[in-house]
Amino acid sequence: MVIRPSSLRSKFLRKHRKWPTSAYSYKWQQTFIQNQALQTLKQSAAATPQEKENNDRPHHLFSAHVHSFTSYNCDPTPEAYHFVIKTLAKTSQVHHIPRVLDRIEFAEKFETPEYILAQLIKIYGFAGRIGDAIDLFCRIPKFRCVPSVYSLNSLLYVLCRSSESLKLVPEMLLKCQVMNIRLEVSSFRVLITALCRIGKIGYAIQMLNYMINDGYGLDARCCSLILSSLCEEKDLALSNFEVLSFLEAIKKMGFTPSMMDYSDVIRFLVKEGRGLDALDALCQMKVEGIKPDIVCYTMVLHGIIAKGDYGKADELFDELLVLGLVPDVYTYNVYINGLCKQNNVEAGLNMISSMEELGCKPNLITYNLLLKAVNKIGEISQAKELMTKMNLKGVGVNSQTYRIMLDGLFHKGDVDEACVLMEEILDKQLC
DNA sequence: CTAGGGTTAG
């Protein structure tokens with residue numbers, strides 16, 4: 001028969017208890033006294049700030065710890081040790097933690113709560129002590145604690161922080177099999193998040209494959225994460241090829257993209273000058289029953305206009321209105337940009353009043369776009385008028401505004417006016 | 001809790 005240590009301990013307590021009370025009451029008093037001891041310890045740690053800064057006295061906290069518990073004639077609690085460890089970490093005395101650990105291992109009997117050890121793994125990791133973190137992980141059973149995926153995730157998190165320690169991950173995954181810890185979806189999330197963060201998206205996709213092969217099922221969060229990382233990937237040779245094919249692949253495996261997923265993809269496609277692909281993605285959304293919001297439409301509209309397909313742009317604008325979406329400044333600016341590119345300045349200027357009627361205030365960008373277009377067709381006086389209107393409406397100008405105006409004036413050969421404007425710029429120190 | 005994500009030009 002297996003006798004669990006906890007039942008052994010309670011038998012021992014019943015036999016040797018000091019108070020003629022029930023076990024419940026005894027426990028209560030014990031907890032109370034331990035709390036008092038912990039309070040004393042915390043006070044003594046807080047009361048000596050000058051010693052905290054003094055690294056020559058590393059034993060202070062630790063001896064205070066022992067002392068406060070012996071003076072209350074009770075055993076230190078795991079929480080007390082936790083406090084000591086946290087304090088040592090906070091005061092950059094991580095190198096003194098091993099002594100504390102030794103004491104927990106050899107002098108104490110309690111079952112150490114796993115979170116304390118898991119947290120220490122992270123402390124070690126952030127202090128750059130990868131070796132200590134790994135050692136601690138392997139040593140967890142010595143602290144009368146059964147390591148679970150919780151500790152493993154902490155370790156994986158730490159290992160994934162640098163490319164150097166990343167190499168140790170496969171070894172640790174094997175090791176945890178021996179320790180009988182089964183990876184959970186959360187572990188994969190830790191790995192994939194970290195891999196994406198350090199730009200190792202290829203490895204992240206590999207992890208996703210392992211996950212599927214090991215029967216964990218496809219995790220939507222992992223998919224979204226990899227997808228958005230691919231969209232942000234700077235190596236275009238890689239991402240241009242991957243983004244859509246990756247999306248296609250995970251969709252086949254049962255992933256249903258959310259609006260955010262599509263937003264990421266559309267933003268990527270537009271940035272890459274693939275406006276038509278962005279439009280396709282938008283259609284795909286609708287097919288899948290997701291109503292694209294105004295941001296999606298604005299991005300696609302931008303992409304289409306960049307391609308010069310103004311007919312499609314108009315269609316798209318109509319469509320969004322039909323869907324009941326309300327265009328905002330971003331949308332109007334994109335649209336106005338399209339009108340300006342077609343040299344349809346008239347329509348662009350009319351948009352200002354339309355916007356105002358619809359309760360959408362034109363902003364600096366709106367005016368800059370139109371100023372540029374007006375100057376382009378050589379209507380300097382109209383541009384000046386527009387600038388006055390800007391001021392009137394309380395829309396401040398920026399250096400871009402002045403550059404546009406100077407450009408216009410020089411283009412016209414109006415050097416005098418340009419000089420006047422130049423002085424105004426110098427006055428405002430907007431150079 | 002319903003944001004965030006999106007607009008000029010260099």
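Here is the naming used below: chain letters follow the sequence lines, and residue numbers restart at 1 for every chain. Both backbone and side-chain heavy atoms feed into the values below; hydrogens, waters and symmetry mates do not.
- Rounding to whole angstrom units, CD1 of residue I336(A) and P of dG6(B) are separated by 20 Å.
- Within the structure, salt bridge (Lys or Arg N to Asp or Glu O under 4.0 Å) pairs that include any residue of residues 346-372 of chain A comprise E356(A)-K393(A) (at least two apart or interchain).
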Protein N or O to nucleotides 7-10 of chain B N or O, pairs below 3.5 Å:
{"unit_1": "dT7(B)", "atom_1": "O2", "unit_2": "N333(A)", "atom_2": "ND2", "d": "2.2"}
{"unit_1": "dT8(B)", "atom_1": "OP1", "unit_2": "H302(A)", "atom_2": "NE2", "d": "3.3"}
{"unit_1": "dA9(B)", "atom_1": "OP1", "unit_2": "K372(A)", "atom_2": "NZ", "d": "3.3"}
{"unit_1": "dA9(B)", "atom_1": "O4'", "unit_2": "Q400(A)", "atom_2": "NE2", "d": "2.9"}

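- For the segment residues 269-292 of chain A, the set of residues with a heavy atom within less than 4.0 Å of an atom of DNA chain B is empty.
- Counting non-hydrogen atoms under 4.0 angstrom, D293(A) reaches a base of the nucleic acid.
- Pairs of residues two or more places apart, or lying in two chains, that qualify as ring-ring contact (aromatic ring centres under 6.0 Å, His included) and include a residue from residues 142-199 of chain A are F188(A)-Y216(A).
- Sorted by first and then second residue, the pairs that involve residues 314-339 of chain A and meet salt bridge (Lys or Arg N to Asp or Glu O under 4.0 Å), not counting sequence neighbours, are K286(A)-E319(A).
- Here dG6(B) presents its C1' atom at 12 Å from CG of L320(A), a figure rounded to the nearest Å.
- Of all heavy-atom pairs spanning G396(A) and L364(A), the tightest one is O-CD1, 3.0 Å.
- Residue D277(A) comes nearest to R274(A) through the heavy atom pair OD2-NE, 2.8 Å, listed as atom of the first residue, atom of the second, then distance.
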| Which is it for I201(A) and E242(A) under the side-chain contact (heavy atoms from CB on, under 4.5 Å) test, yes or no, and what are the steps along the way? | CA-CA 10 Å; I201(A) 308 175; E242(A) 296 267 12; over 6 Å; no

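- Atom CD1 of residue I181(A) and atom CD1 of residue I140(A) lie 7.0 Å apart, to the nearest 0.5 angstrom.
- Evaluation of the ring-ring contact (aromatic ring centres under 6.0 Å, His included) test over residues 305-331 of chain A, restricted to residues two or more places apart or in two chains, returns F317(A)-Y335(A).
- What separates CE of M259(A) from C1' of dT2(B) is a distance of 10 Å, to the nearest Å.
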